[in-house]
Trainee: 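Structure in structure tokens, see below.
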Amino acid sequence: SFGFYVDDMTTLAVDAVLRDAKATTLGMLGYCMGGTMALIHAALHPKRIDRLTLLAAPINFHDDGVLSQWARKESFPVDRVVEVLGQMDKMMLQTSFQWLKPLSQLQKLKNLYEGAANPKMVSSFVHLESWLNDNVCVPGQAYREYVTTCYHDNALVNGTLKVNDRPVSLTQVTCPMLNVMAKKDHIVPVESSRIVSTLVSGPVTEVLIDAGHIGVAMGSKAREMFTQVAGFHDRPPAAQADKTTDEPTAGPKKEKRSRR
């Protein structure tokens, strides 16, 4: 189930880190779907997460993006897919993402041809494409629950989220949060991520990167951004709260929005 991964398995990982670090709390970072899962986990276990970074993470799944439209209940029969395949095949997922920008593959090959004399460029291309295509199939029930909960019901925004039959409220997230968004993101539009500041109870700092969904995690813009992320996770939680809001972390907050 989706709850098995977002709660049970993640809890085991958190337990291992806390044990090895001899700590009682830790900071967490999640990219894309991993950011959604990290946020839900922080809501389930708020006393164990002292800092949280979301990187191009979808929160409002009923946005204006193409992926949101494709995955709506009236458009995507996820039950039928799971019943027939037993899982979501990795190649089907990869193809669907590629079709969001169908000419991007041709553009990448054109760029490779034009830069073929540059060994550094070719090496970067090979490494990036290897990472992009290193996908895994998603277990059927976990995929069904994720799509139904997020894309069909928009449960994070509507306040109807349940994990393992346990109601989950994002207001339980009180730790300082860094929300990194990408201006040119065609998978997770900015407004899909930005809404999180209205749903959690802790202080939120926003960073807007002039990049796309991949560029926010790879390349020169990403290196600069990760320096800021490292600084955010190095600061004590109290210091972060002082820099982002003048109000208590448990109540309504003002977010300080940083844009790059």
Side-chain angles (χ1 to χ4, degrees), residues 5 28-38 53-59 61 63-71 75-76 81 85 87-139 143 146-147 150-151 178-194 206-234 258-260:
Y5 293 96
M28 185 174 285
L29 180 149
Y31 173 42
C32 191
M33 179 182 176
T36 309
M37 297 173 70
T53 293
L54 304 184
L55 184 58
I59 307 301
F61 288 80
D63 55 58
D64 295 329
V66 176
L67 184 60
S68 174
Q69 303 301 317
W70 284 357
S75 305
F76 182 39
V81 172
L85 299 178
Q87 62 183 9
M88 173 45 75
D89 182 77
K90 62 183 180 181
M91 293 306 298
M92 291 180 67
L93 277 174
Q94 180 74 340
T95 302
S96 66
F97 284 120
Q98 290 174 346
W99 273 103
L100 290 171
K101 295 181 70 174
L103 297 181
S104 64
Q105 300 303 307
L106 294 176
Q107 184 62 52
K108 286 196 294 187
L109 292 176
K110 178 177 180 290
N111 293 341
L112 176 63
Y113 174 78
E114 293 175 347
N118 183 341
K120 184 176 181 180
M121 183 271 178
V122 173
S123 177
S124 294
F125 179 89
V126 171
H127 282 91
L128 179 58
E129 288 301 301
S130 298
W131 174 68
L132 285 173
N133 291 283
D134 185 21
N135 302 304
V136 296
C137 298
V138 182
Y143 184 72
Y146 172 67
V147 170
C150 297
Y151 283 99
L178 184 66
N179 187 22
V180 182
M181 300 163 286
K183 286 183 181 180
K184 302 173 184 175
D185 198 329
H186 67 291
I187 295 176
V188 183
V190 170
E191 295 308 319
S192 173
S193 295
R194 177 167 282 158
E206 295 183 354
V207 178
L208 192 59
I209 304 293
D210 187 18
H213 191 76
I214 304 303
V216 74
M218 308 286 283
S220 59
K221 299 290 179 65
R223 285 193 289 271
E224 181 181 351
M225 179 274 298
F226 277 120
T227 298
Q228 186 168 352
V229 170
F232 172 77
H233 282 270
D234 281 343
S258 303
R259 291 179 171 80
R260 290 180 179 268

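Computed from a predicted structure; not experimentally measured. Computed over heavy atoms, backbone and side chain alike; hydrogens, waters and symmetry mates excluded.
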Trainee: When rounded to the nearest 0.5 angstrom, what distance separates CZ in Phe125 from NZ in Lys108?
Mentor: 6.0 Å

Trainee: Kindly give the heavy-atom pair with the smallest separation between Val216 and Met225, and that separation in Å.
Mentor: O-CE, 3.0 Å

Trainee: Under 3.5 Å, is there a donor-acceptor pair between the side chain of Gln69 and the main chain of Asp63?
Mentor: yes

Trainee: Can you check whether Ser193's main-chain N or O pairs, donor with acceptor, with Asn179's side chain at less than 3.5 Å?
Mentor: yes

Trainee: Give the minimum heavy-atom separation between Met88 and Leu93, together with the two atoms involved.
Mentor: CG-CG, 3.3 Å

Trainee: Has Ser130 got a side-chain atom pairing as donor or acceptor with Val126's backbone, closer than 3.5 angstrom?
Mentor: yes

Trainee: May I ask you to test the Met92-Leu85 pair for a side-chain heavy-atom distance under 4.5 Å?
Mentor: yes

Trainee: For Lys221 and Glu224, what are the C-alpha separation, side-chain angles and deciding distance, and is it a salt bridge (Lys or Arg N to Asp or Glu O under 4.0 Å)?
Mentor: CA-CA 5 Å; Lys221 299 290 179 65; Glu224 181 181 351; over 6 Å; no

Trainee: Starting at CG of Leu178, measure out to NE2 of His233 and round the result to the nearest 0.5 Å.
Mentor: 7.0 Å

Trainee: How long is the gap from CG on Leu29 to CG on Leu54, to the nearest 0.5 Å?
Mentor: 8.0 Å

Trainee: Is any side-chain heavy atom of Ile214 less than 4.5 Å from a side-chain heavy atom of Trp131?
Mentor: yes

Trainee: Give every residue pair that meets the salt bridge (Lys or Arg N to Asp or Glu O under 4.0 Å) criterion with at least one member in residues 89-103, sequence neighbours excluded.
Mentor: none

Trainee: Determine whether the aromatic ring centres of Tyr31 and His213 lie less than 6.0 Å apart.
Mentor: yes

Trainee: If we only count heavy atoms from C-beta on, is the Phe61 to Thr36 side-chain gap below 4.5 Å?
Mentor: yes

Trainee: Working to the nearest 0.5 Å, report the span between OG of Ser68 and CD1 of Ile187.
Mentor: 13.0 Å

Trainee: Can you tell me if CG on Asn133 sees more than 12 non-hydrogen neighbours from other groups inside 6.0 Å?
Mentor: yes

Trainee: Within a 6.0 Å radius of atom CH2 on Trp70, are there more than 12 heavy atoms belonging to other residues, nucleotides or ligands?
Mentor: yes

Trainee: How long is the straight-line distance from CE of Met91 back to CD of Gln94, given to the nearest 0.5 Å?
Mentor: 6.5 Å

